[in-house]
Amino acid sequence: MLADPLSRFVKSDTTPDWRAIARQFERKLGRDRVVRRKEELLTYECDGLTSYRQKPALVVLPRSTEEVAIAVQLCHRLELPWVARGAGTGLSGGALPVEQCVSIVTARMRQILRVDLDNQRVVVEPGVINNWVTQAVSGAGFYYAPDPSSQIVCSIGGNVAENSGGVHCLKYGATTNHVLGVTLVTPTGEIVEIGGEIDEMPGYDLMGLFVGSEGTLGIATEVTLRILKAPETICVLLADFTTMEAAGKAVGEITRAGVVPGGMEIMDNLSINAVEDVVKLGCYPRDAEAILLVELDGSPVEVQADRDRVETLCKQSGARNIAAATDPETRAKLWKGRKAAFAAAGHMSPDYYVQDGVIPRTRLAEVLREMTALSERSGYKIANVFHAGDGNLHPLVLYDNKIPGELEAVEEVGGEILKLCVRAGGSISGEHGIGSDKRCYMPQMFNEIDLETMLWVNRALNVKGLANPGKIFPTPRTCGEAAMASQSPQQFADVDRF
């Protein structure tokens with residue numbers, strides 16, 4: 001038990017005495033596990049959503065489940081808000097510190113603990129980079145399916161927190177479909193295990209609750225992942241179109257025909273040219289208004305049959321040209337451009353604001369037309385890169401943050417895009433999470449009773465509200481969208497304390 005009373009760490013003006021608190025963390029974890037110099041804390045002031053910054057009061061760098069538990073127990077005892085952080089690549093402000101908080105960073109927990117090829121399982125620590133999992137098993141003919149564009153830098157712990165997706169989530173599902181078991185530290189500092197190493201476990205689906213909870217219900221410290229056998233044959237098709245509507249129509253025709261590609265992605269003309277300017281692939285047609293990448297996998301006979309059908313459907317939908325890649329090098333080249341699209345956006349504009357909405361595939365053409373109209377009305381260019389197969393849009397609103405008022409303006413444009421997605425029967429997030437960026441728009445999807453029900457769950461496990469406070473749920477005091485939705489201020493009192 002942590003016996004030190006809170007009064008020892010509070011100054012007379014009620015501001016925590018962070019020097020004394022830091023010494024407590026150093027005694028419990030060691031000096032090399034604690035970061036407290038102001039210039040070093042700047043490293044942790046934001047995640048991939050760099051528009052918002054808040055320096056944590058203290059950072060701890062545990063190396064084991066037990067050390068994570070000690071850090072959380074100390075925060076719980078001293079009533080210090082804490083924010084879990086992995087690689088810091090999230091795009092919704094999920095790892096954004098709150099004022100006077102402790103950041104618990106799992107980046108040093110980077111071991112692949114066990115590989116079980118016979119049962120197609122891998123057990124990893126949360127700091128393991130996404131792509132390392134596939135690298136560890138590819139020699140034996142296996143791979144890990146969830147592959148966000150940041151897979152060479154993002155960590156499994158963050159993927160679990162945000163329920164990340166990627167190119168191949170169309171056929172194989174997002175992170176939640178590939179996590180079998182988790183060892184986690186609860187908001188009170190207890191170590192528990194949920195799930196296991198088999199596909200189905202009796203009782204409540206605690207795994208489904210935890211994956212995607214964005215650090216508000218605890219910190220994953222060990223994760224059991226499902227790996228898949230690599231397909232016999234893979235073919236990637238690149239079809240180019242003179243209109244975005246034609247590319248969207250092709251997506252609908254492919255899925256309507258019963259073909260389920262491993263991945264299906266669309267990039268618009270802005271993104272195509274940005275990628276070619278930066279990555280210089282030489283394989284994307286610069287004059288195309290849109291390109292459609294379709295990956296087919298399976299047995300040789302199955303892939304050939306699907307390839308014939310997809311090529312026919314793309315031509316019928318208005319494709320000008322269709323190129324095919326079956327060798328690993330050319331396939332990787334085609335996907336390299338798609339995965340570099342976010343980074344390449346920096347070539348088009350000093351800054352960009354990315355959103356993550358989801359729509360039904362049948363509404364794709366309609367929504368894209370409305371987004372084009374929104375771009376023209378607002379005066380801000382919108383580059384479109386998205387997982388077309390499952391309707392997960394990633395519009396990038398281009399702007400210059402040095403110009404006063406532009407950030408606020410593009411945030412409004414981003415909000416209109418999310419509202420458009422909801423009106424079309426979709427969602428305000430497909431894989432980036434809600435975090436602090438999109439909590440204002442939760443009332444667009446959920447009514448007061450829905451949100452209160454979610455908060456009951458949060459309060460049951462996050463009793464003091466210390467685990468990643470201010471994320472996911474709107475607070476009327478700080479969020480105009482929630483206030484306009486007539487949410488009761490008392491309803492969110494527990495999560496508004498920080």
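Residues meeting the salt bridge (charged side-chain N to carboxylate O under 4.0 Å, His left out) test with E302, sequence neighbours left out: none. Residues satisfying the salt bridge (charged side-chain N to carboxylate O under 4.0 Å, His left out) criterion with E253, sequence neighbours excluded, are R256. Judged as a side chain to side chain donor-acceptor pair (under 3.5 Å), and not counting sequence neighbours, D118 has no contacts. A search for salt bridge (charged side-chain N to carboxylate O under 4.0 Å, His left out) contacts involving R114 returns E197, not counting sequence neighbours.
No more than 12 heavy-atom neighbours from other residues, nucleotides or ligands sit within 6.0 angstrom of CD on E200. The number of heavy atoms from other shown groups lying within 6.0 Å of CD1 (I152) does not exceed 12. Counting non-hydrogen atoms of neighbouring residues, nucleotides and ligands closer than 6.0 angstrom, the CD atom of E412 reaches no more than 12 such neighbours.
Residue A87 comes nearest to C154 through the heavy atom pair CB-CA, 4.2 Å, listed as atom of the first residue, atom of the second, then distance. Across all their heavy atoms, G248 and L364 have their closest contact at CA-CD2, 3.7 Å. Shortest non-hydrogen contact noted between V124 and L225 is CG2-CD1, 4.0 Å. A290 approaches M244 most closely through the heavy-atom pair CB-SD, 3.9 Å. The shortest non-hydrogen separation linking K381 to S375 is CA-OG, 3.7 Å. Scanning both residues, P261 and V259, for their nearest heavy atoms gives CD-O, 3.3 Å.
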Using the rule given for side chain to side chain donor-acceptor pair (under 3.5 Å), can you reason through Q304 versus D308, listing the C-alpha separation, both sets of side-chain angles and the distance that settles it, and then say yes or no? CA-CA 6 Å; Q304 185 59 56; D308 293 341; 3.0 Å; yes
Evaluation steps, side chain to side chain donor-acceptor pair (under 3.5 Å), between W335 and E295: CA-CA 10 Å; W335 283 123; E295 180 170 290; 2.7 Å; yes
If you apply the rule side-chain contact (heavy atoms from CB on, under 4.5 Å), what do you find for V59 with L61, and how did you get there? CA-CA 7 Å; V59 170; L61 301 165; 4.1 Å; yes
Please determine whether side-chain contact (heavy atoms from CB on, under 4.5 Å) holds for the pair E245 and L368, giving the CA-CA distance in whole Å, both sets of side-chain angles, and the decisive distance to 0.1 Å. CA-CA 8 Å; E245 288 78 7; L368 289 173; 5.6 Å; no
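The closest donor-acceptor contact from the side chain of R439 to the backbone of G470 lies under 3.5 Å. The main-chain N or O of D400 is found under 3.5 Å from a side-chain atom of E406 such that the two form a donor-acceptor pair. T106 places no side-chain N or O within 3.5 Å of a backbone atom of M109 that could act as its donor or acceptor partner. The closest donor-acceptor contact from the side chain of E431 to the backbone of S164 lies at 3.5 Å or more, if one exists at all. Distance alone, capped at 3.5 Å, is enough to place a donor-acceptor pair between the N177 side chain and the A174 backbone. Put simply, the side chain of D240 never gets that close to the backbone of P285: no donor and acceptor are under 3.5 Å apart. No donor-acceptor pair closer than 3.5 Å links the side chain of N131 to the backbone N or O of Q151. At distances below 3.5 Å, not a single donor-acceptor pair connects side-chain atoms of Y144 with backbone N or O atoms of V122. Although no hydrogens or angles enter the test, the distance criterion places a donor-acceptor pair under 3.5 Å between the side chain of R309 and the main chain of A257. With K333 contributing its side chain and C283 its backbone, the two residues share no donor-acceptor pair below 3.5 Å.
Q355 pairs in a side chain to side chain contact (heavy atoms under 4.5 Å, CB included) with only one of the listed residues (I428, D437, L396), which is D437.
Ion pairing between a basic and an acidic side chain is recognised when a charged N comes within 4.0 Å of a carboxylate O; E125 and R110 show no such pairing. Salt bridge annotation for K171-D297: present, with a cationic side-chain nitrogen under 4.0 angstrom from a carboxylate oxygen. Comment: D147 engages K339 in a salt bridge, judged by a side-chain N to carboxylate O separation of less than 4.0 angstrom. Using a cutoff of 4.0 Å between basic side-chain nitrogens and carboxylate oxygens, R307 and E311 are scored as salt-bridged. Remark: R363 engages E366 in a salt bridge, criterion side-chain N to carboxylate O under 4.0 Å. Note on D47 versus R53: no salt bridge recorded, every NZ/NE/NH1/NH2 to OD/OE distance being 4.0 Å or above.
Atom CD1 in I322 sits 9.5 Å away from atom CG in L238 (nearest 0.5 Å). To the nearest 0.5 angstrom, I417 atom CD1 is 11.5 Å from D356 atom CG. Taking CD1 of I129 as the reference point, atom OG1 of T134 lies at 13.0 Å (rounded to 0.5 Å). From H178, atom NE2 reaches atom CD1 of I227 across 12.0 Å, with rounding to the nearest 0.5 Å. To the nearest 0.5 Å, the span separating CD1 on I266 from CG on L393 amounts to 9.5 Å. Within the model, atoms OG of S427 and CD1 of I434 stand 6.5 Å from one another, a figure rounded to the nearest 0.5 Å.
Looking at V310 and L296, their side chains come closer than 4.5 Å, going by heavy atoms from C-beta outward. Proximity of V105 to Y44: side-chain heavy atoms (C-beta onward) are separated by under 4.5 Å at one or more points. Looking only at side-chain heavy atoms (C-beta outward), V385 and P395 stay at 4.5 Å or farther from each other. No side-chain heavy atom of V167 sits less than 4.5 Å from a side-chain heavy atom of C169. You'll find the side chain of S429 stays beyond 4.5 Å of the side chain of E162, heavy atoms only.
A donor-acceptor pair shorter than 3.5 Å can be found between the side chains of N269 and N273. Side-chain contact check for D327 and T330: at least one donor-acceptor pair (N or O, by modelled atom type) lies under 3.5 Å.
Residue pairs that meet the ring-ring contact (aromatic ring centres under 6.0 Å, His included) test with at least one member in residues 371-403, sequence neighbours left out, are F342-H394, H387-H394, H394-H432. The side-chain hydrogen bond (donor to acceptor under 3.5 Å, both in side chains) contacts involving residues 208-234 comprise T65-T221, D199-R226, where partners must be two or more places apart or lie in separate chains.
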